[in-house]
Structures are given as structure tokens and as C-alpha cells.
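Below you'll find the structure, written out as C-alpha cells, and then a few comments.
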Amino acid sequence: MKSNLRATVKWAVIGIIIAVLVWATVHVGILAIFSYISKWAYNVEDFADYQADFEAVASFCTEYSQEHPTENGLCYFDYGYGEISGEILYDAEIITVPEDIKNSFLKIREAFPHKDAHLDNIEYYNGTVYFKTDNLLYSLVYSPEGKPKLISRLHEGTAKRITGDWYHVVRK
């Protein structure tokens, strides 16, 4: 009787250990994969559908910033900020923008569909244009000088080329 009880306990313990090992292996593997996937979770997935709009806005922001420089060279553009819906702000001042550029601003906002990473603002600095999310974990970046090392002017990032001078950049 005692040997049957010992055998049953022994097999139960072995079964529990195997179940825990399988569970840990699966979850650690999934966490590693999820960690990589979630790092790039906020990417604009259909860039090609919005590329012309991103290019038009990046070009507008670059030209406008060069024509209206700031003291530190850092320029911010916001669309529909706060209660000033439909207006484009440049360094907190309402500016006049052609309708096609306003429409492009609207379209690129749709390119950021993730509920935790909406397009917050556009930052121009030294020829680079950052389309930054509100959670500061992702930027879509136009960088004619090569692969960007920053997600914004201040935060380090890791970049993946989309096409040409366009990159996905996530926070390091």
C-alpha cells in the first residue's frame, strides 16, 4: 500500500515539474517574441498608402521651418491641437497652410491607428522630420542624412528603413 502511495506521489510530482517546465518554456519564448513584436507595434503598417501625404507634409514642414527659423532650430507642427480643430500650429502659433497640405495632415493622422500611439506632433530639426506619437515610443522619420539615431531630437532610438529616406524609429 505504501509503495503505491509513493509511486503515485512520485508521478504526481514529476507531472507537476514537467507541467511547470513546459509552461515556463512556452511563456518565456512567447514573451521574448512578444517583446520584439511589441517594440515595433506602433509602426505605420501601410506607409505606401500614405507616402505621398507624408512626403508633402515633410516637404512643407522643412520649407516652412527654413523660412521661419527658431532660435534653437527646433520647430513643432500640430494639427487640430486642443480646441483649435482644423488649424495647424507652428511653435504654438496658428499658421496659414494650403488646403492640400491640411488634407495631407488629416490623412497621415489616420496612418497611426494604434489606440496607444496617435500622431502627436511633427518635429523638424536640422533637415530631419519626426512624425512623433503621443506616447513617445515611436516616430516615423524622414532623414535625408541617413539612418536616424534619435526618435526625436532628444531621445535615442533604433531605426528600420521603410524606403528611401523614410524610417520607423522606436525608443531604445
Applying the 4.5 Å side-chain criterion to the ILVMFWY set and letting contacts propagate, would Val129 and Leu106 be lumped into a single cluster?
yes
Is Phe131 close to Ser139 at the side-chain level, that is, under 4.5 Å between some pair of heavy atoms?
no
Smallest separation among heavy atoms of Tyr90 and Cys75, with atom names:
OH-SG, 3.2 Å
NE2 of His155 to NZ of Lys172, rounded to nearest 0.5 Å, is 14.0 Å
When you check the side-chain N and O atoms of Glu63 and Ser59, is any donor under 3.5 Å from an acceptor?
yes
Hey, quick one: are Leu119 and Ile95 part of the same hydrophobic cluster, counting side-chain heavy atoms closer than 4.5 Å, chains of contacts allowed?
yes
Thr128: what forms a side-chain contact (heavy atoms from CB on, under 4.5 Å) with it, not counting sequence neighbours?
Tyr130, Val141, Ser143
Look only at the side chain of Asp165 and the backbone of Tyr142, and say whether a donor-acceptor pair between them is shorter than 3.5 Å.
no
Parallel, tilted or perpendicular: ring planes of Trp166 versus Phe47, cut at 30 and 60 degrees
tilted
Please find out if less than 6.0 Å separates the ring center of His114 from that of Tyr42.
yes
Glu55 meets the salt bridge (Lys or Arg N to Asp or Glu O under 4.0 Å) criterion, sequence neighbours left out, with none
If we ignore hydrogens and angles and just use 3.5 Å, is the side chain of Thr133 paired with the main-chain N or O of Tyr138 as donor and acceptor?
yes
Indicate if Leu150 and Val170 have the same hydrophobic cluster label, given that clusters are the connected sets of ILVMFWY residues with side-chain heavy-atom separations under 4.5 angstrom.
no
Has Arg161 got a side-chain atom pairing as donor or acceptor with Gly164's backbone, closer than 3.5 angstrom?
yes
When rounded to the nearest 0.5 angstrom, what is the spacing between NZ in Lys132 and OH in Tyr76?
4.5 Å
Geometric class of the Tyr64/His68 ring pair [parallel <30°, tilted 30-60°, perpendicular >60°]:
parallel
To the nearest 0.5 Å, how far apart are CG in Asp78 and CD1 in Ile94?
11.5 Å
Lys147: salt bridge (Lys or Arg N to Asp or Glu O under 4.0 Å) partners, not counting sequence neighbours:
none
